[in-house]
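Single-structure report; data block below.
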Amino acid sequence: MSKIEAIWLPEVQQQVFRGLMEVMSRPGKTENLSELTDNASPARALLATLLDGEVNLCDHHNLLDDADWPLLQAEKVAVEHATTILCRGDSAVDFEPLLGELSSPEHSAMIVLVVENLSEGNSHLSLSGPGVNGDISVKISGLNRDWLNQREEWISSFPLGVDWLLVDDSHVMALPRTTKIEVTSWVM
Amino acid sequence: MAVDEKQVKQSAQQITTGWELRYKALPQSGLGMLKLRDGALQEPFYLGEIPVASAWVELTLPNGDKAEGAAQVMDDDKDLAEALAVCDAVLANQLAGHDLLTVLLQQGADKLDAEQRNRKQMLKRTHVDFSLLGAEEGEDDEQN
Amino acid sequence: MGYVAIKGGGLAIKGAEDTLDYLRCEQGDSGTPLDMDTIEHQLRFLHGRVLSEGGLYHPKLASLAIKQNLGDTLEAAFALRAYRSTKPRLLETPVLDTSEMRVTRRISAAFKDIIGGQMLGATTDYALRLMRTELLDETPEAFRAVAKHWFDDERPDSDIPDTFPKVLDSLRADGLLAEVDKAAVQDPFDITREPLIFPVPRSAALATMARGETGSLLAIAYSNMRGYGDVHPTVAELRVGYIPVMLPHPITGELIEAGEVLMTECEIVAMYESDDENEKPTFSLGYGACFGNNEVKAIAMAILDRSLQVGMKDGPTNPSEDPEFVLLHVDGIDSMGFCTHYKMPHYVTFQSDMDRLRTTQDKAKAKSEGAKS
């Protein structure tokens, strides 16, 4: 009688959260979220899990349905004030996200960045830093190079910075501000 | 919420048998901060917390018509909020079965009236009639 | 401090739990379990106290907290606070106004004739403090008869209005109170989200005291009354009643009554003052409010509101004017929690205290012996 999408169920959100913990602990690793969520998009699954009425969200490229907002409960705000931002990774960056303050570096933006593919692609990155054993190579497609340039600036004054959750249509990969990214070869 | 909760839930269930229900916002039970204006300096402050349950539903009738309803209530039972949201949809749109709810509304109104009568009685029985104290209270301490 | 991990105490702790429950049920066959309504109605003031000190208006759970803690008000308030910490924050109400209160008691000590009149309501103010021995063997019949006969002498509805204007509003209209700049007021301080780091705004003080422990507030307010301060208050209005909680309908936005809250409110008028030479002097005010019917707490809070206003503006000259002293010591959960923790094992800490004492004693002895030789 009452239909409720998997991503809004507490037990599914628990699983999504555990997947998120995995990828945040091991940057470069990917988790398959769509098999947990009845094939919902990882972006929506992550937002459903993380957001509630006490936080805000900017859907910068209008990727969400109107009907999602009352379910997410988050307050709609402009991108410069948002602590969670959802946007596409294939266009150039056109905003300055919150980077936090020295006394509260966590008052910064977490960016859910939608790309085309997280396991195959012509953009090759080498990641190192906390959570990575030595270094790890990842292949991505659909990420505009401008994002990586901007990120260098945003994370230059650690602990200030932003954290990324890259998603394609099934997986998620986390790139916290502590991860060092080196471009080994690039074709978008 | 003067009416018995079970009746509300039962009625909501009964009226919508065979209908579809979709959540426009998830039913939730939690807390609300009660904001009060202080009577002295007129500044708002938080007096404390109250339990709040809320729900927002969309009903689809067998003939395809849709109706929305929502409710926020001072209670910790989110199933009650859901049932009230259903009742809200039924009453606001005069859907089939709304006369069942009219009965409940009357019951609730009667109970509220009884409570009001109770409280008025407390005031009536303890109202100070200063005129009975005699004529020596001549000072001008009347307030306009 | 180091706390010894309790191994082997587990059984004793379980035993303590069972022993407490045994004492609760000791009457056995000759007893009946307390039900929630009984506590809420027949122990009305105790119930209201726990509601306000717990900071959560949940009458049924307040009754349960009293029952499971065998009447310990500090523990009961603690149980309510613990419960509220498990629930998510959903919303804030719009700013509610107590002039909408469905009053059950309303008095003024400042004026005899107030618009709407004075109604004593249910109060112990005029009781002869004699033991009502007829209640020792109260029969169920006698008990029920009281409610049955309540409307026996019901007068026609006459002129008792539904709501009553505030006494202070007419003082304000007469220019006896300071002008209020509603626009200057910021969002209220949320003590459930931010710690008190001084200086704090007045809304933080009001919120802290609203759920403060009654005895603590009373003692500090009393110190002010007895002369460690100069508030000299008169109660302009004290009201007890039910304030409707209005919440916007999620679809239409229309304000709908979601429920009502029993509360007590007290507004006091203190000495008059003027902010500077050229401004006309006006009465200064104090405000107290809390869940439930708890007048001593509301009056004490109003006195402390006034004294803290003085302290926050001119610097404290006595403890009741010092925001840090007052606000950090009136919360019942904070204070009883710290007090109670002293009972927890401090074996290692104390062992090191003993070692240090022995060492110091030895040194002192060696010194005095060395001095002799």
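Basis for what follows: all heavy atoms, side chains included, without hydrogens, waters or symmetry-related copies. Chain identifiers are assigned alphabetically (A, B, ...) following the order of the sequence lines, protein sequences preceding nucleic acid strands; residue numbering begins at 1 within each chain. Since this is a predicted model, take the numbers as computed values, not measurements.
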Sequence neighbours excluded and cut-off under 3.5 Å, please list the side-chain donor-acceptor pairs for residues 86-100 of chain B, or say none.
from  : atom 1 : to     : atom 2 : distance (Å)
B:D88 : OD2    : B:A70  : N      : 2.8
B:D88 : OD2    : C:H249 : NE2    : 2.8
B:N93 : ND2    : B:A89  : O      : 2.9
B:Q94 : NE2    : B:L91  : O      : 3.4
B:H98 : ND1    : B:L95  : O      : 3.0

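Contact of C:A122 with chain B is not made at all, since no heavy-atom distance falls under 4.5 Å. Looking at C:V95, both its backbone and its side chain come within 4.5 Å of chain B, counting heavy atoms on both sides. For a residue to count as touching a neighbouring chain, one of its non-hydrogen atoms must lie under 4.5 Å from one of that chain's; by this rule C:D305 does not touch chain B. Using a 4.5 Å cut-off between heavy atoms, C:Y83 contacts chain B through its side chain alone, with no backbone atom that close. When heavy atoms are compared at a cutoff of 4.5 Å, C:E267 approaches chain B solely by way of its side chain, counted from C-beta outward. With a 4.5 angstrom heavy-atom cutoff, C:E237 does not touch chain B via any of its atoms. Proximity to chain B (any heavy atom under 4.5 Å) is shown, for C:R211, by neither the backbone nor the side chain. Interface remark: C:Y126 contributes no atoms to any contact with chain B (heavy atom separation under 4.5 Å). Interface remark: C:F189 contributes backbone atoms only to the contact with chain B (heavy atom separation under 4.5 Å). Only the side chain of C:T192 comes within contact range of chain B, with at least one heavy atom under 4.5 Å from a heavy atom of that chain. Contacts of C:P201 with chain B are absent, with no heavy-atom separation under 4.5 Å from either backbone or side chain. Looking at C:M209, there are no atoms closer than 4.5 Å to chain B (heavy atoms on both sides), in backbone or side chain.
Of the listed residues (B:V128, B:I50, B:L41), the one with the most heavy-atom contacts under 4.5 Å to chain C is B:L41. When each of B:H127, B:R117, B:R125, B:M122 is checked for heavy-atom pairs under 4.5 Å with chain C, B:R117 comes out on top. With respect to chain B, the highest number of heavy-atom pairs below 4.5 Å among C:R102, C:R105, C:R172 belongs to C:R172. Of all the listed residues (B:P51, B:G32, B:G48, B:G39), the one sharing the greatest number of non-hydrogen pairs under 4.5 Å with chain C is B:G39. Of the residues considered (B:D76, B:L36, B:D38), B:D38 shows the highest number of contacts with chain C, using heavy-atom pairs under 4.5 Å. Of the listed residues C:D162, C:I256, C:I243, the one with more heavy-atom pairs under 4.5 angstrom with chain B than any other is C:D162.
Residues of residues 53-61 of chain C having a heavy atom under 4.5 Å from any heavy atom of chain B, listed by number: C:G55, C:L56, C:Y57, C:H58.
Between B:E58 and B:K24, none of the side-chain N atoms (NZ, or NE/NH1/NH2) sits under 4.0 Å from a carboxylate O, so this pair counts as no salt bridge.
Residues satisfying the salt bridge (Lys or Arg N to Asp or Glu O under 4.0 Å) test with B:E43, not counting sequence neighbours, are C:R202. Contacts of C:R84 classified as salt bridge (Lys or Arg N to Asp or Glu O under 4.0 Å), with partners at least two apart in sequence or in another chain: B:E49.
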